[in-house]
**Student:** 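Shown below is the structure under consideration.
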Amino acid sequence: VAVSPAPADGCPFLVRVSINDLNIRKGAGTNYARTGKYTGKGVFTIIEVADGPGAIKWGLLKSYADKRNGWISLDYAERL
């Protein structure tokens with residue numbers, strides 16, 4: 001997984017999720033297991049961006065920063 005350095009990707013930043021059921025994955029890609037699912041729309045803080053299969057970019061959720069196991073597809077999120 002290629003990880004973008006924080007200064008280049010402008011992290012942290014806020015995103016608004018645009019779908020009702022969004023998978024949260026253990027890593028940046030659909031090849032990682034789901035750790036959960038967010039049902040509903042909301043605003044989240046992304047602290048890191050990475051490339052991975054299944055999405056143009058993946059974002060690490062701030063609330064999962066310690067274990068680094070909460071990634072969402074940024075294809076379904078709008079940067080605020």
Side-chain angles (χ1 to χ4, degrees):
V1 173
V3 177
S4 300
D9 61 27
C11 288
F13 59 90
L14 296 176
V15 294
R16 176 176 289 121
V17 172
S18 60
I19 63 172
N20 287 325
D21 291 318
L22 181 64
N23 289 324
I24 300 170
R25 297 192 175 268
K26 291 184 179 183
T30 52
N31 54 321
Y32 288 92
R34 285 189 344 194
T35 61
K37 181 182 274 195
Y38 181 74
T39 55
K41 298 177 183 176
V43 175
F44 300 95
T45 302
I46 301 298
I47 59 166
E48 188 176 317
V49 174
D51 294 321
I56 294 172
K57 289 286 185 186
W58 291 87
L60 178 60
L61 297 168
K62 182 179 179 181
S63 55
Y64 289 83
D66 291 344
K67 294 184 181 180
R68 300 182 45 77
N69 65 347
W71 294 81
I72 62 168
S73 167
L74 296 180
D75 293 354
Y76 304 104
E78 173 190 2
R79 189 171 179 155
L80 300 177

**Student:** Taking C-beta and beyond as the side chain, do D51 and K57 meet within less than 4.5 Å on heavy atoms?
**Tutor:** yes
**Student:** Could you check whether atom CG of L80 has more than 12 heavy atoms from other residues, nucleotides or ligands sitting under 6.0 Å from it?
**Tutor:** yes
**Student:** Tell me every residue that passes side-chain contact (heavy atoms from CB on, under 4.5 Å) with K37, counting only those two or more places apart in sequence or in another chain.
**Tutor:** D21, N23, R34, T39
**Student:** Using the test side-chain contact (heavy atoms from CB on, under 4.5 Å), find all partners of T30 that sit at least two apart in sequence or belong to another chain.
**Tutor:** R25, P53, W58
**Student:** Out of curiosity, does I19 fall in the hydrophobic cluster containing V43 (side-chain heavy atoms, cut-off under 4.5 Å, transitive links)?
**Tutor:** no
**Student:** Could you list the residues that satisfy side-chain contact (heavy atoms from CB on, under 4.5 Å) with T35, not counting sequence neighbours?
**Tutor:** I24, K26, Y64
**Student:** Closest heavy-atom contact between A55 and D75?
**Tutor:** CA-OD2, 3.3 Å
**Student:** Who are the ring-ring contact (aromatic ring centres under 6.0 Å, His included) partners of F44, not counting sequence neighbours?
**Tutor:** Y38
**Student:** I need the L14 CG to K62 NZ distance, nearest 0.5 Å.
**Tutor:** 9.0 Å
**Student:** Indicate the atoms forming the closest heavy-atom contact of G10 with R79, along with that distance.
**Tutor:** O-NH2, 3.4 Å
**Student:** Is there side-chain contact between F13 and V49, with at least one heavy-atom pair below 4.5 Å?
**Tutor:** yes
**Student:** In Å, rounded to the nearest 0.5 Å, how long is the span from OH of Y76 to CG of L22?
**Tutor:** 8.5 Å
**Student:** How far apart are the closest heavy atoms of L60 and G70, and which atoms are they?
**Tutor:** CD1-O, 3.4 Å
**Student:** Taking side chain as C-beta onward, heavy atoms only, is L61 less than 4.5 Å from I46?
**Tutor:** yes
**Student:** Among residues at least two apart in sequence or on other chains, which ones pass side-chain contact (heavy atoms from CB on, under 4.5 Å) with N20?
**Tutor:** K41
